[in-house]
Asker: 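Take this structure, written in structure tokens, and hold onto it; I'll ask about it next.
What you see is a predicted model; the values in this text were computed from it and never measured. Lettering follows sequence order; numbering is per chain, from 1. Computation of the quantities below employed the complete heavy-atom set of this structure, encompassing side-chain atoms and omitting hydrogens, waters and symmetry-equivalent molecules.
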Amino acid sequence: MTIVQPRKAIFPRPVAEQALAVLANDPVNDDYKHLVLQAGQPFTQAQPGQFFHLLCPSGDGLAAPYFRRPMSCYRADPQAGRLEFLYKLAGRGTRALGGLHAGDSLNVLGPLGKGFRLHPDWRHILVLGRGVGLATLAPLAEAACASGMRITAILSARRHDLVMSAERFAAAGADVLPVHDDDGSSAPENLHQILEGLVQAGNAPDAVFSCGSNRLLRLLQDYGRRHGIPGQVAVEQQMACGLGMCFCCVRPFGDAAAPEHRRVCWDGPVFDMQETHEC
Amino acid sequence: MLTGASVKNIDMSVQVGALTLQNPVMPASGTFAEGLARVFDLNDLGAFVTKTITHEKRQGNALPRVAETAEGMLNSIGIPSKGLDAFLADVLPFYAPLCPPLIVSISAPTADGFARLARDVSLPGVAAIEANISCPNLEADGRAFAVSPETTAQVVAKLRYATSLPLWVKLSPNTTDIAAVARAAESEGADAVVVANTILGMAIDTETFKPRLGNVMGGLSGAAVKPIILRMTYQVARAVKIPVIGCGGIGNAEDAVEYLLAGAAAVQVGTATFLHPAVMPEIIAGLRDFCARRGFARLSDLSGALREPAEVAVGENAA
């Protein structure tokens with residue numbers, strides 16, 4: 001009986017699954033925690049907007065969730081050998097993550113998906129995000145800064161003390177505008193005025209980016225349409241495999257009358273803003 | 001059986017009808033996509049099995065399409081398909097440079113539709129056809145072909161006439177006598193049977209009172225189903241002479257060994273790949289280690305090597 005000898009691999013293999021050591025998992029405020037893992041390649045090669053698929057542990061007397069949980073990358077640092085996540089304690093998966101301590105390990109798969117794309121001709125980008133969505137936009141701001149772009153960052157949150165990562169956006173050289181629900185500054189009408197003010201001042205962005213809110217998506221879609229400004233948005237969806245196999249994370253895109261289903265894990269999670277439907 | 005077989009000398013190949021596979025591990029239909037090429041060398045696999053294709057374009061079912069359960073997964077994806085033309089243009093070329101044989105999974109709402117699609121995918125580069133007869137049969141009030149020996153025989157007979165490629169028939173566990181269904185497939189010319197598709201199930205969100213699947217009901221897979229499908233594999237392997245391919249909850253090499261011992265010639269791995277995408281090459285390595293440890297020079301000698309008690313009651317009351 002002959003045994004077929006496999007040929008050499010013909011595809012690059014930039015995705016790995018590995019148990020990574022937890023270096024820290026500290027609260028940022030009442031709602032959010034910051035997870036730091038020790039990681040090498042390919043994990044630290046993650047591009048802004050890409051995500052990892054986490055095998056959440058059991059904890060608090062709860063069985064481990066059966067599926068992995070997708071989470072966008074907050075920071076991938078090849079020099080320090082670190083991979084970081086900023087997450088909100090919400091469901092079963094994130095509560096399980098919340099129980100991790102330094103010295104534990106976490107099984108991580110990634111990096112996955114298609115991240116943000118920065119056109120080399122752009123000189124000024126605007127990021128507008130809310131809540132934990134800002135964790136996804138922070139690495140984008142740093143990448144834009146490294147490419148010599150100016151950044152306007154409008155950071156929205158429920159309360160003043162819940163605005164995430166303002167100092168990180170500021171360190172990336174962004175003009176930071178925190179807005180929140182407490183004083184009504186996060187209201188769509190006010191955001192609309194801020195955005196129109198940029199155009200009137202001759203400071204219109206070349207592209208806009210968002211994550212984490214249907215309301216902000218709607219606002220930026222309208223802004224982009226009226227002023228001819230392209231945009232990208234990172235979206236979320238329940239996932240099982242994370243690699244385009246199972247087709248459970250599809251969302252409608254494109255023509256409202258005859259939308260096309262695309263896989264968030266494989267075709268995204270970052271999509272053209274004008275093609276994205278609300279969810 | 002040899003003693004002291006060294007890991008590198010073990011013959012891992014298996015025979016599924018006329019097809020020789022370099023090892024017995026392949027993906028279950030719908031749990032494989034080109035994305036896995038980013039994780040491991042696809043040439044390590046025993047075979048490829050495509051996501052089920054249909055002649056026409058299909059959008060798939062309403063969301064949510066999956067729900068997690070205790071050690072398992074419910075799905076009601078609904079066979080989204082870009083249709084035959086897109087398959088031939090986009091999917092088939094991806095496999096052309098790869099070594100393992102390509103098994104194309106097909107589905108249709110009628111027996112004639114199955115036959116037409118089988119004929120249309122009987123092309124160079126396709127090694128075998130897997131007929132997914134667990135889908136609803138529009139000519140039988142929406143009941144799946146695979147629920148009865150009669151409808152299984154009807155569709156397999158038409159498929160057999162339509163293609164000269166090896167024909168694998170994927171059976172459904174949602175039937176009262178899967179061995180009889182397997183015999184019907186065998187008698188109409190199937191070259192192998194795959195045991196089995198998912199078990200129909202349901203889950204409800206107790207906060208919202210809504211079903212946790214958009215389609216209300218869906219197929220259960222994963223570790224939770226393994227004892228049931230393993231039992232069915234055993235029953236089918238005793239009932240037919242054609243090869244049986246085991247598929248249900250396999251997540252490691254020991255699970256695969258159980259299926260081989262129960263009579264499977266090869267195995268398919270599905271849901272486990274969603275949790276650990278490199279699980280298939282790990283299972284292959286684990287099977288090799290198992291053979292070395294237990295002194296099997298040929299992995300295929302494990303198939304059907306179950307040691308049964310002298311008297312075993314096989315039937316509904318066996319307990």
Asker: Taking all atoms of both residues into account, what is the closest heavy-atom pair of B/Pro277 and A/Glu17, and its distance?
Answerer: CD-OE1, 3.5 Å

Asker: Might you work through the salt bridge (charged side-chain N to carboxylate O under 4.0 Å, His left out) test for A/Arg68 and B/Glu68, ending with a clear yes or no?
Answerer: CA-CA 10 Å; A/Arg68 288 174 180 270; B/Glu68 54 187 356; over 6 Å; no

Asker: To the nearest 0.5 Å, what is the distance between OG1 (B/Thr273) and CE (A/Met245)?
Answerer: 6.0 Å

Asker: With chain A as the partner, which of B/Asn23, B/Val39, B/Asn75, B/Asn61 has the greatest number of non-hydrogen pairs under 4.5 Å?
Answerer: B/Val39

Asker: Between SG of A/Cys248 and CG of B/Leu63, what distance do you get to the nearest 0.5 Å?
Answerer: 7.5 Å

Asker: Looking at B/Met73, B/Lys51, B/Glu71, which has the largest count of heavy-atom pairs under 4.5 Å with chain A?
Answerer: B/Glu71

Asker: State plainly whether the residues B/Lys82 and A/Glu260 are in salt-bridge range, i.e. N to O under 4.0 Å.
Answerer: no

Asker: For residues B/Phe274 and A/Cys246, report the shortest heavy-atom separation together with the two atoms involved.
Answerer: CZ-CB, 3.3 Å

Asker: Considering residues, nucleotides and ligands other than A/Glu236, do more than 12 of their heavy atoms fall under 6.0 Å from its CD?
Answerer: no

Asker: For A/Gln38, does the CD atom sit with more than 12 other heavy atoms under 6.0 Å from it, leaving out its own atoms?
Answerer: no

Asker: Side chain, backbone, both or neither: which part of A/Pro42 has a heavy atom under 4.5 Å from chain B?
Answerer: neither

Asker: Heavy-atom distances under 4.5 Å only: say whether B/Ala272 touches chain A with side chain, backbone, both or neither.
Answerer: neither

Asker: Heavy-atom distances under 4.5 Å only: say whether A/Pro259 touches chain B with side chain, backbone, both or neither.
Answerer: backbone

Asker: Please name the pair of heavy atoms, one in B/Leu275 and one in A/Phe67, separated by the smallest distance, quoted to 0.1 Å.
Answerer: CD2-CA, 4.0 Å

Asker: Roughly how far, to the nearest 0.5 Å, is NE2 of B/His276 from CG of A/Asn107?
Answerer: 6.0 Å

Asker: What is the distance from atom CD of B/Glu34 to atom CH2 of A/Trp266, rounded to the nearest 0.5 Å?
Answerer: 5.5 Å

Asker: For B/Ala33 versus A/Gly244, what's the shortest heavy-atom pair and its separation?
Answerer: CB-O, 3.7 Å

Asker: From B/Arg65 CZ over to A/Phe247 CZ, what is the distance, rounded to the nearest 0.5 angstrom?
Answerer: 8.5 Å

